[in-house]
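Presented below is the structure to which this report refers.
Computed over heavy atoms, backbone and side chain alike; hydrogens, waters and symmetry mates excluded. Letters A, B, ... are given to chains in the order of the sequence lines, protein chains preceding strands, and every chain is numbered from 1.
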Amino acid sequence: MEKSLPTRNFRVVFAGSPAYAIPSLEALLALPGCSVVGVLTQKPKPRGRGNQLHASAIGVFAEAHNLLTLTPNTLRVPEAHALLTALKADVGVVVAYGKILPQAVLNLLPQGWVNAHASLLPRWRGASPIQQTIAAGDVETGVSLMQLDAGMDTGPILVQERLPVAVDETAVSLAEKLSQLSGMLIRKHLRTYLDGTLLPQPQPVTGVTLAPQLTKADGHLHFGEAALQLVRKVRAFNPWPGAVMQVGTLLLKILTATTAPGQEQPGKIVRVPTGFGVGTPQQLFIPLQVQVPGKKPMSAAEFFHGYNRLLTNDVTGPKSSPTS
RNA sequence: CGCGGGAUGGAGCAGUAGCAGCUCGCCGGGCUCAUAAUCCGGAGGUCGGGGGUGCAAAUCCCCCUCCCGCAC
């Protein structure tokens with residue numbers, strides 16, 4: 001007959017898909033006073049060589065922890081709503097689920113849905129905050145714990161935690177840090193939110209930027225841009241959608257790159273000790289690790305050795321072979 | 001049967017029937033001009049494996065083994 005609040009057990013449904021979301025789900029599982037009563041994730045899709053079905057990383061994790069897993073095709077039908085309602089959850093936590101939660105679903109849970117978004121909102125609302133952060137050269141980013149509303153990452157903010165962006169940061173390295181940070185924010189702040197002591201604050205109306213879903217076209221390097229900007233794109237778009245440049249007849253994927261002093265016609269290829277460089281309006285763009293379609297990654301020097309025909313075909317003519 | 005690429009000296013690649021080559025590395029020597037040093041010479045390959053067709057196969061046909069890329 002004591003006050004029930006401190007000992008109340010909250011029922012939580014988690015929604016997430018890639019490995020990025022795992023630390024957050026782990027945080028929930030370890031959170032006192034909370035029970036994960038269901039996990040919402042993308043259904044197994046044909047992937048990999050041979051087109052075999054693969055469950056999402058969260059799906060695999062949930063299976064291993066004997067969690068109830070839901071993989072609806074869509075959340076816009078009454079059947080999906082019924083499944084969620086049956087869980088009798090108090091709150092939902094969303095981390096990189098990969099589907100929009102329609103208003104009808106948001107309304108299903110008494111305490112709504114909480115989302116950990118990988119940027120300092122309202123900067124980089126949308127699907128690719130991590131990549132955009134790096135591509136834009138931001139020196140600082142973070143995770144925003146927020147309440148979902150019907151908009152795209154427009155809901156009120158519960159708490160934000162900042163994180164410096166390293167000068168050599170890649171989408172992979174930054175995602176790793178933000179993934180951990182998301183789990184930490186959930187561990188530290190979800191309970192106070194549920195207890196009603198952490199109040200959502202509306203997002204600022206200024207400073208809004210959008211981070212739309214990336215496409216392969218975003219990865220094409222154009223040498224009218226400064227070398228530094230191109231290097232940022234290489235770091236931001238690896239592994240997806242990948243930064244590529246046209247070399248002769250093939251699309252060369254650039255895995256790592258740097259800049260070097262120098263002035264060459266934009267797009268002009270020059271020989272450098274590490275392999276080759278490309279002229280830009282500011283400095284030279286120097287690929288370091290590259291990948292030919294269908295091939296394993298190799299150094300730019302190795303690429304040059306094997307493909308120098310492509311790189312130099314405008315300056316070398318056919319060799320005159322001695323006859324007789 | 002999702003689409004596709006590959007296996008050729010230590011590395012990366014050319015080579016669609018007629019002497020197995022290129023860039024780099026490696027070894028020996030010359031020179032000394034640092035920062036892609038350079039010049040001369042040299043070693044190193046059962047062309048993934050097995051069968052077949054041909055006067056002749058890295059190359060064409062069949063089988064096998066292994067490797068890899070793409071998908072958001």
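Atom pair A/Asn51:CG and B/G69:P shows a separation of 16 Å (rounding to whole Å applied). To the nearest angstrom, C1' of B/A71 lies 10 Å from NZ of A/Lys45. Rounded to an integer number of Å, the gap from CG of A/Asn308 to P of B/A14 is 11 Å. For the pair A/Gln52 CD and B/C1 C1', the computed distance is 12 Å after rounding to whole Å. Rounded to an integer number of Å, the gap from NZ of A/Lys296 to C1' of B/A11 is 12 Å. One atom, NE2 of A/His54, and another, P of B/C70, lie 15 Å apart when rounded to the nearest Å. Separating the CG atom of A/Asp218 from the P atom of B/C72 is a distance of 13 Å, rounded to the nearest angstrom. Atoms CG (A/Leu53) and C1' (B/C1) sit 15 Å apart, rounded to a whole Å.
Under the salt bridge (Lys or Arg N to Asp or Glu O under 4.0 Å) criterion, the residue pairs touching residues 106-129 of chain A are A/Arg123-A/Asp138, with sequence neighbours excluded. Every pair passing salt bridge (Lys or Arg N to Asp or Glu O under 4.0 Å) that includes a residue from residues 177-187 of chain A is listed here, sequence neighbours excluded: A/Glu169-A/Lys177. Within the structure, salt bridge (Lys or Arg N to Asp or Glu O under 4.0 Å) contacts touching residues 86-112 of chain A (residues at least two apart or in different chains) are A/Arg8-A/Asp90.
Closest to the A/Tyr307 side chain, of the nucleotides B/U23, B/G69, B/G12, is B/G12. When the nucleotides B/G69, B/C67, B/A11 are ranked by their closest atom to the side chain of A/His305, B/A11 comes out on top. Listed nucleotides B/C70, B/C13, B/A36 differ in distance to A/Met298; the shortest reach to its side chain belongs to B/C13. With distances taken from any side-chain atom of A/Glu302 to the nucleotides B/A11, B/G69, B/C72, the minimum falls on B/A11.
B/C68 sits 14 Å from B/G12 when the P atoms are compared, rounded to a whole Å. Nucleotides B/C1 and B/C72, compared at atom C1', are 24 Å apart to the nearest Å. As rounded to the nearest Å, B/A11 and B/C31 have P atoms that lie 34 Å from one another. Going from the P atom of B/G5 to that of B/G21 covers 29 Å, rounded to whole Å. B/C55 and B/U8 have their P atoms separated by 30 Å, with the value rounded to a whole Å. Spacing between B/C67 and B/G28 at atom P, rounded to whole Å, works out to 38 Å. Here, B/A17 and B/U59 have their C1' atoms 6 Å apart, quoted to the whole Å. Separating the P atom of B/A7 from that of B/C60 is a span of 12 Å, rounded to the nearest Å.
No side-chain donor from either of A/Thr170 and A/Asn238 sits under 3.5 Å from a side-chain acceptor of the other.
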Donor-acceptor pairs under 3.5 angstrom involving side-chain atoms of residues 45-57 of chain A: please list them, not counting sequence neighbours.
from: A/His54; atom 1: ND1; to: A/Arg47; atom 2: O; distance (Å): 3.4
from: A/His54; atom 1: ND1; to: A/Gln52; atom 2: O; distance (Å): 2.9
from: A/Ser56; atom 1: OG; to: A/Thr41; atom 2: OG1; distance (Å): 2.6
from: A/Ser56; atom 1: OG; to: A/Gly59; atom 2: N; distance (Å): 2.9

Between side-chain atoms of residues 100-116 of chain A and protein atoms elsewhere (two or more places apart, or another chain), which donor-acceptor pairs fall under 3.5 Å?
from: A/Gln103; atom 1: NE2; to: A/Asn107; atom 2: OD1; distance (Å): 2.9
from: A/Asn107; atom 1: ND2; to: A/Gln103; atom 2: O; distance (Å): 3.3
from: A/Trp113; atom 1: NE1; to: A/Val105; atom 2: O; distance (Å): 3.2
from: A/Asn115; atom 1: ND2; to: A/Val94; atom 2: O; distance (Å): 2.7

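Members clustered with A/Val272: A/Val270, A/Leu284, A/Ile286, A/Leu288, by chain and number, using a 4.5 Å side-chain heavy-atom cutoff among hydrophobic residues.
The strand RNA chain B forms stems, runs of 3 or more Watson-Crick or G-U wobble pairs with distances below 3.5 Å, at B:2-7 with B:65-70, B:10-13 with B:21-24, B:26-30 with B:38-42, B:48-52 with B:60-64.
Checked against a 6.0 Å centroid threshold, the rings of A/Phe61 and A/His65 count as neighbours.
Residues passing the salt bridge (charged side-chain N to carboxylate O under 4.0 Å, His left out) test with A/Glu26: none are found, sequence neighbours excluded.
Residues A/Pro273 and A/Pro297 each lie close to RNA chain B; by heavy-atom proximity, the contact nearer the 5' end of the strand is made by A/Pro273.
Across all their heavy atoms, A/Val290 and A/Ser299 have their closest contact at CG2-O, 4.2 Å.
Within 6.0 Å of CD on A/Glu140 lie more than 12 heavy atoms contributed by other residues, nucleotides or ligands.
Look at A/Lys216 and you'll find a side-chain N or O under 4.0 angstrom from OP1 or OP2 of B/A71.
Glycosidic torsion of B/G51 falls outside 90° of 0, placing the base in anti.
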Legend entry - Summary of protein contacts for nucleotides 3-10 of chain B, nucleotide by nucleotide, where a base hit scores B, a sugar-phosphate-only hit scores S (4.0 Å, heavy atoms): --------
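Using a 4.0 Å heavy-atom distance criterion, A/Gly48 is classed as a base contact.
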